[in-house]
Amino acid sequence: MLELRDVKKVFFPHTPNERVALDNVSLRLEERDFVTVIGSNGAGKSTLLNIVAGVYRPDAGQVHIDNTDVTRQPDHKVARYVGRVFQDPMAGTCPNGTVEQNLSMAYSRGKRRGLRQSLTKAKRAVFREELQALELGLENRLKVDVGLLSGGQRQALSLLMATFSNPRILLLDEHTAALDPSRAELITELTEKAVDRYELTTLMVTHNMAQALRLGNRLIMMHAGRIVFELSGEDKKNATVQDLLNEFAKLKVMTDRTLLT
Ligand SMILES: Nc1ncnc2c1ncn2[C@@H]1O[C@H](COP(=O)(O)OP(=O)(O)OP(=O)(O)O)[C@@H](O)[C@H]1O
């Protein structure tokens, strides 16, 4: 379970450059909820993920993961609960490490020290099995440096690393946006599989409205630091990209009115 209560984040407060990135945002994800987040540029989507991941501290409000208040915890502590995949396929993996070294690092996240160390035979067998599920042949390339993999392969590996140690929350930050259409489709399919397989609770930012409708059981639209529109259940299943465009159009009218007053 993830809960944000009245979270506020302001950049450059009390200066001419002040930006209210999150304006008293409250959001609750129940176990296994998969929420897609859409919104225009600067709406506050990345800030929302960064607050959950502990990269930024809110100026007000709280963040809870399960029964733990993580509001004031630094990102390396919050990493115990959170798996994250970034837009840049190069961001989630270490290029100078082999596939198995990268997986080993991710595997030991949140585990006791003894388990962190060596690459045992048993661990390798687990890695092989997990890689097989990606159907990219990476199970035969355990000793290859990650820097030699393609962008799509690296993003598939990042996704596996973010998910297979069963994080309490999975954060997806436009994680298919930098890939060509066929690779984006592959990663989208792998995401659905991983979320099902590891029974994850997921928050995904995307600019792709069709993807936001296709994935997950809930959708939120953000604008100017607020959640302005939500869909869930049957309403989300039946919604079309045109419906979302209509909601965006309403926001534009609102923004134009605000500018005029
Ligand atoms: N590190 C930062 N320093 C200063 N201002 C920031 C910082 N991060 C975000 N902002 C500002 O906060 C607001 C929200 O930004 P954010 O990146 O969360 O939006 P977004 O919805 O993710 O946008 P995009 O779709 O363009 O990535 C914007 O006005 C942005 O300029």
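From a predicted model like this one, the values you see are computed outputs, not experimental measurements. When a ligand or atom number is given, it counts from 1 through the structure's own listing order.
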Q: For salt bridge (Lys or Arg N to Asp or Glu O under 4.0 Å), just list the numbers for Glu130 and Arg197, CA-CA rounded to whole Å, side-chain angles, deciding distance to a tenth of an Å, and then say yes or no.
A: CA-CA 11 Å; Glu130 300 287 343; Arg197 184 164 180 208; 3.4 Å; yes
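Using modelled atom types and a 3.5 Å distance limit, the side chains of Asp180 and Ser182 yield a donor-acceptor pair. Residues Thr240 and Asp243 have side chains that bring a donor and an acceptor to within less than 3.5 angstrom of each other.
For Glu247, the side chain to side chain donor-acceptor pair (under 3.5 Å) criterion is met by Lys250, not counting sequence neighbours.
In this pair, Phe127 and Tyr107 present their aromatic rings perpendicular. The plane angle is above 60°, beyond the 30 to 60° band. Between Phe11 and Tyr56, the ring planes are perpendicular. Angles over 60° get that label, and only those under 30° would be called parallel.
Using a 4.0 Å heavy-atom criterion, the residues that approach ligand 1 are Phe11, Phe12, Arg19, Ala21, Ser40, Asn41, Gly42, Ala43, Gly44, Lys45, Ser46, Thr47, Tyr56, His207.
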